[in-house]
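Just so you know, residue 1 is the first one in the sequence shown, and it goes up from there.
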Amino acid sequence: MKKTISLLLALIMLASSLFALSIPAYAYSAHTQSESVEWAKQRVGVKTGNGECVALIKEYYNYLGVEPVSGNGCDYATNALPVGWQRIPYSSGFVAQPGDIAVWTWNAWAGNYGHVAIVTSADSSRMNYVDQGKSYGYVGHEGSVSYTDSNWKFFGVIRPDFLPIKVSKFSITELMPNKVKFDFNISNSKKLSIEKRKVGYRKQGATSWKVNIKTYSTPFTGGIKVTNVSIKNLDELTNYEIRISVYVDSKWEHIYYTNFSTPAKTSISSASVPSSSAKYTGDNISTSSLLSVSVNGKTLANGTDYTVSPSTVKEIGRYSVTVSGINWYKDSVTTTITIYPKTPTIKSVSYSKTTGRIKLKWARVANCSYQQVAISKSSKFESSKTCIIREDQPKQSASFYKLKFNGKIAYVTKGETYYIRMRAYKIVNGEKIYGKWGAKRTITCN
């Protein structure tokens with residue numbers, strides 16, 4: 001009976017073990033084994049993070065999509081592991097694998113602080129690695145050491161669980177000071193069912209991620225191409241991290257990690273924005289349509305490179321307009337837009353022999369206060385030969401016989417030829433806003 005029970009217990013334990021082995025523990029590692037080794041090799045000669053060996057390993061954790069842990073090199077023999085990762089102590093016949101994190105609890109120069117490194121290749125007697133330390137000038141360094149070297153006390157390795165789901169062909173298609181756009185492929189060699197994917201981003205050094213989640217109405221089990229993922233409202237000249245994750249087996253798996261830096265914006269504070277003007281129409285007038293904005297000889301585009309405030313103007317007056325940079329441009333510059341009155345239309349000009357007067361009729365100008373009549377003996381309206389007469393807007397006719405040229409009184413003279421034109425003006429905030437002079441009319445007093 002005891003033998004039967006023992007046999008049943010053994011079978012149950014075997015079945016449990018087989019069942020456990022059949023459940024994949026793909027957890028958190030954001031890159032393949034080969035990608036991770038290549039990343040480590042690229043650290044050679046480069047300062048990674050801020051510090052020595054642990055600084056490199058913390059960035060390796062980030063690269064693999066997991067949160068780094070604290071402690072010295074020796075603490076990696078006991079500190080917490082990401083889900084699915086393994087800690088494998090050294091024993092006879094042990095062979096490290098590329099991408100492993102080698103852990104020493106003591107060595108000749110660091111003492112009990114220990115040391116950590118990334119394995120790039122290994123055999124049964126020694127391993128090649130990339131590490132970082134003070135003696136190398138705090139930059140990545142390639143080394144090789146025997147498992148049993150007397151100057152090192154080798155604990156063993158931490159082995160990441162390299163996920164069968166990975167991102168490939170990650171490509172930034174557009175990079176601006178305030179926006180990035182990118183494409184990527186998700187491959188799924190084990191054909192696990194993926195319900196959602198998530199793109200997270202943060203400034204380097206930040207503790208939390210901003211995320212965008214896409215839920216698939218039908219979970220996919222093969223590969224998928226993702227295009228035109230856009231992250232907006234970024235800061236210029238800033239280092240950002242991107243992490244791509246998938247939701248599989250009821251949990252989020254981080255499958256890709258990368259970083260990028262946004263370029264600088266160009267200031268438009270000294271942009272060339274000439275003052276401009278437009279005639280009053282009674283309707284709103286787009287301010288951007290009146291402006292030409294250029295920086296370093298390049299003409300900028302409204303809505304793409306800058307915005308304008310106010311966006312419209314209507315009434316007669318002089319307006320301060322602010323042009324503010326967007327996207328590739330920053331800061332602002334101000335200019336002036338003037339809305340001036342329409343020009344009065346002269347309907348008729350006549351001369352009366354009986355009264356010796358010149359009579360003038362014109363059409364009323366909308367939304368205006370006054371108009372000026374310029375009567376001159378010069379076709380070019382030279383100031384010394386021109387008389388300016390103000391008329392109130394409600395009037396639409398006037399007659400003249402006494403004129404003042406260059407400060408001297410004169411009278412309309414029979415047989416003389418006179419040139420006449422008109423313009424309107426309105427007083428706004430104490431300033432006279434003049435319209436343009438209208439067409440010249442000519443009369444000879446016969």
Around atom [atom1] of [X], are there more than 12 heavy atoms of other residues, nucleotides or ligands at under 6.0 Å?
X: F260; atom1: CZ; result: yes
X: D392; atom1: CG; result: yes
X: D123; atom1: CG; result: yes
X: K196; atom1: NZ; result: yes

**Request:** Specify the closest pair of heavy atoms between R364 and Q396, including all atoms of both residues, with the distance to one decimal.
**Result:** N-NE2, 3.3 Å
**Prompt:** Considering all heavy atoms of both residues, which atom of Y60 and which atom of S36 are nearest to each other, and what is their separation?
**Reply:**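 In terms of heavy atoms, the two residues are closest at OH-CB, 3.4 Å.
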**Prompt:** With a 4.5 Å limit on heavy-atom distance, are the side chains of V180 and Y201 in contact?
**Reply:**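 No, their side chains stay 4.5 Å or more apart.
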**Prompt:** Is any side-chain N of the basic residue among R202 and E241 closer than 4.0 Å to the acidic one's carboxylate O?
**Reply:** yes
**Request:** Please check if the distance between the ring centroids of Y147 and Y90 is under 6.0 Å.
**Result:**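 Distance test on ring centres: under 6.0 Å, yes.
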**Euclidean distance, N212 CG relative to S230 OG, rounded to 0.5 Å** = 9.5 Å
**Prompt:** About how many Å separate CD1 of I268 and CG of D331, when rounded to the nearest 0.5 Å?
**Reply:** 7.5 Å
**Message:** With ring pair (Phe, Tyr, Trp, His ring centres under 6.0 Å) as the criterion, how do W85 and Y61 come out once you've worked through the C-alpha distance, each side chain's angles and the decisive distance to 0.1 Å?
**Reply:** CA-CA 11 Å; W85 290 31; Y61 271 54; 5.1 Å; yes
**Request:** Applying salt bridge (charged side-chain N to carboxylate O under 4.0 Å, His left out), run through D235 and K203 and close with a yes or a no.
**Result:** CA-CA 9 Å; D235 295 333; K203 293 181 181 179; 2.6 Å; yes
**Prompt:** Parallel, tilted or perpendicular: which describes the rings of Y425 and Y434, with under 30° parallel and over 60° perpendicular?
**Reply:** tilted
**Asked** Testing V428, I337, I433 for side-chain contact (heavy atoms from CB on, under 4.5 Å) with R318, which one passes?
**Response** I433
